[in-house]
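Following: one structure in structure tokens, then a few remarks.
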Amino acid sequence: MELTKYIKIYDNVVKDEINSSFLHYARKVKDYEDSFVLGENSSTFKVDKQVRNTTIKPLMQNSSSLTNIHWYNYWHSKIKEKVLEYVDELNIIKIPLETINSIAILKYEKGGYYKFHTDHCRAEPRTLSFIYFLNDDYEGGDLLFKLDGIDHKVEKKQNRAILWPSNFMYPHTVTPVESGVRYSLVSWIV
């Protein structure tokens, strides 16, 4: 079985003006927090900069910011649209789309990275993973998958989304950012 078949890339996901507006929002957000990773006991989360050096800004439906709520609702509908396209294209079992699990902006500054990992675990039983590249004006910060012992690099391109299974077959990493700031939107379907 060709594992790369299940990694789907979608370009021009939104109109350029919408991408620019959302990127502007991501750049002006001031309250990013340190991202966490799963702890040793597989049921708690902690900040560990040796594994993941990035910051996160959740988009939430119940935020005190109307702008945050707007972007949550917008991206929730876009993610649903792409997941439906993904499952139709691959002719796989339909996924209940009310189970979109968190939507967040990730900010990788110079030196930011995330070591190889998978997105599914007991504490977070995810089915599909979603990444959207807001920008491509940075060096490094590459998304790599390790499949059958071979690294597969996803070319960075603004306004590009990638969907893939969250399970153990799809370990991936974000290499250290060498210059600039990498912004992406992430979400998971449980």
Side-chain angles (χ1 to χ4, degrees), residues 1-10 13 32-63 68-69 71-108 112-133 143-152 154 160-175 183-190:
M1 172 176 38
E2 179 68 32
L3 293 176
T4 56
K5 168 184 174 182
Y6 296 97
I7 300 171
K8 293 295 181 187
I9 296 172
Y10 303 96
V13 174
Y32 283 91
E33 299 175 358
D34 286 332
S35 293
F36 48 82
V37 295
L38 193 60
E40 292 81 28
N41 66 7
S42 298
S43 63
T44 60
F45 295 92
K46 65 179 184 171
V47 172
D48 185 345
K49 299 257 183 188
Q50 300 302 311
V51 176
R52 184 180 193 187
N53 184 13
T54 185
T55 55
I56 190 168
K57 172 62 178 173
L59 298 180
M60 297 181 290
Q61 197 169 22
N62 61 352
S63 172
N68 189 293
I69 293 169
W71 285 119
Y72 171 87
N73 288 325
Y74 180 81
W75 282 108
H76 191 275
S77 70
K78 281 295 173 188
I79 292 165
K80 266 184 165 181
E81 182 182 296
K82 288 298 155 198
V83 169
L84 285 171
E85 190 175 337
Y86 180 89
V87 297
D88 285 344
E89 189 176 336
L90 291 170
N91 195 27
I92 57 178
I93 297 171
K94 301 293 184 222
I95 295 169
L97 295 175
E98 63 276 1
T99 58
I100 291 175
N101 177 17
S102 76
I103 302 171
I105 304 167
L106 292 181
K107 180 180 180 183
Y108 289 81
Y113 64 89
Y114 195 172
K115 289 188 175 179
F116 273 104
H117 65 284
T118 58
D119 293 336
H120 175 87
C121 64
R122 184 173 26 158
E124 294 281 350
R126 298 164 173 162
T127 303
L128 287 176
S129 297
F130 174 93
I131 290 182
Y132 174 79
F133 296 150
L143 174 63
L144 301 176
F145 288 90
K146 187 170 287 298
L147 306 173
D148 293 329
I150 300 168
D151 287 348
H152 296 267
V154 176
R160 169 174 278 180
I162 303 97
L163 264 164
W164 72 92
S166 302
N167 66 43
F168 72 97
M169 301 283 290
Y170 292 88
H172 54 284
T173 186
V174 174
T175 64
Y183 291 94
S184 59
L185 181 85
V186 294
S187 186
W188 300 270
I189 293 75
V190 177

For [Y], does its backbone N or O pair with a side-chain atom of [X] as donor and acceptor, under 3.5 Å?
{"X": "Asn68", "Y": "Pro58", "answer": "yes"}
{"X": "Tyr108", "Y": "Thr175", "answer": "no"}
{"X": "Thr173", "Y": "Tyr114", "answer": "yes"}
{"X": "Lys115", "Y": "Gln50", "answer": "yes"}
{"X": "His152", "Y": "Leu144", "answer": "no"}
{"X": "Ser63", "Y": "Met60", "answer": "no"}

State, yes or no, whether a side-chain contact exists between [X] and [Y] at a heavy-atom distance under 4.5 Å.
{"X": "Tyr10", "Y": "Glu85", "result": "yes"}
{"X": "Tyr170", "Y": "Trp164", "result": "yes"}
{"X": "Thr127", "Y": "Trp188", "result": "no"}
{"X": "Asp88", "Y": "Tyr86", "result": "no"}
{"X": "Val174", "Y": "His117", "result": "no"}
{"X": "Ile131", "Y": "Leu106", "result": "no"}

**OP:** In plain terms, say whether Lys78 and Glu81 are close enough for a salt bridge, that is, a side-chain N and a carboxylate O under 4.0 Å apart.
**Re:** yes
Original post:
Salt bridge check: are Lys8 and Glu89 linked by an N-O gap of less than 4.0 Å?
Top reply: yes
Subject >> Donor-acceptor side-chain pairing of Ser166 and Ser129 below 3.5 angstrom >> reply: yes
Original post:
In terms of side-chain heavy atoms, does Asp34 have a donor or acceptor partner in Thr55 at a distance below 3.5 Å?
Top reply: no
With rounding to the nearest 0.5 Å, note down the distance linking [atom1] in [X] to [atom2] in [Y].
{"X": "Leu185", "Y": "Trp71", "atom1": "CG", "atom2": "CH2", "answer": "10.5 Å"}
{"X": "Leu128", "Y": "Arg126", "atom1": "CG", "atom2": "CZ", "answer": "12.0 Å"}
{"X": "Tyr6", "Y": "Leu147", "atom1": "OH", "atom2": "CG", "answer": "13.0 Å"}
{"X": "Glu33", "Y": "Thr54", "atom1": "CD", "atom2": "OG1", "answer": "12.5 Å"}
{"X": "Ser184", "Y": "Arg160", "atom1": "OG", "atom2": "CZ", "answer": "14.0 Å"}
{"X": "Ser187", "Y": "Ile100", "atom1": "OG", "atom2": "CD1", "answer": "5.5 Å"}

Subject >> Stepwise side chain to side chain contact (heavy atoms under 4.5 Å, CB included) test for Asp151 and Phe116 >> reply: CA-CA 11 Å; Asp151 287 348; Phe116 273 104; 3.9 Å; yes
Original post:
So Phe145 and His172, would you call those rings parallel, tilted or perpendicular, with 30° and 60° as cut-offs?
Top reply: tilted
**OP:** Start with the C-alpha distance between Ile162 and Phe130, add both sets of side-chain angles, then the distance that settles side chain to side chain contact (heavy atoms under 4.5 Å, CB included), and finish with yes or no.
**Re:** CA-CA 6 Å; Ile162 303 97; Phe130 174 93; over 6 Å; no
Original post:
Looking only at heavy atoms, which two atoms of Ile105 and Tyr183 are closest? And how far apart?
Top reply: CG2-CD2, 4.3 Å
Original post:
Taking it one step at a time, do Leu143 and Phe133 satisfy side chain to side chain contact (heavy atoms under 4.5 Å, CB included)?
Top reply: CA-CA 10 Å; Leu143 174 63; Phe133 296 150; 4.2 Å; yes
Subject >> NZ or CZ of Lys107 within 45° of Tyr32 ring axis and under 6.0 Å >> reply: yes
**OP:** Please step through side chain to side chain contact (heavy atoms under 4.5 Å, CB included) for the pair Asn167 and Thr118, ending with a clear verdict.
**Re:** CA-CA 6 Å; Asn167 66 43; Thr118 58; over 6 Å; no
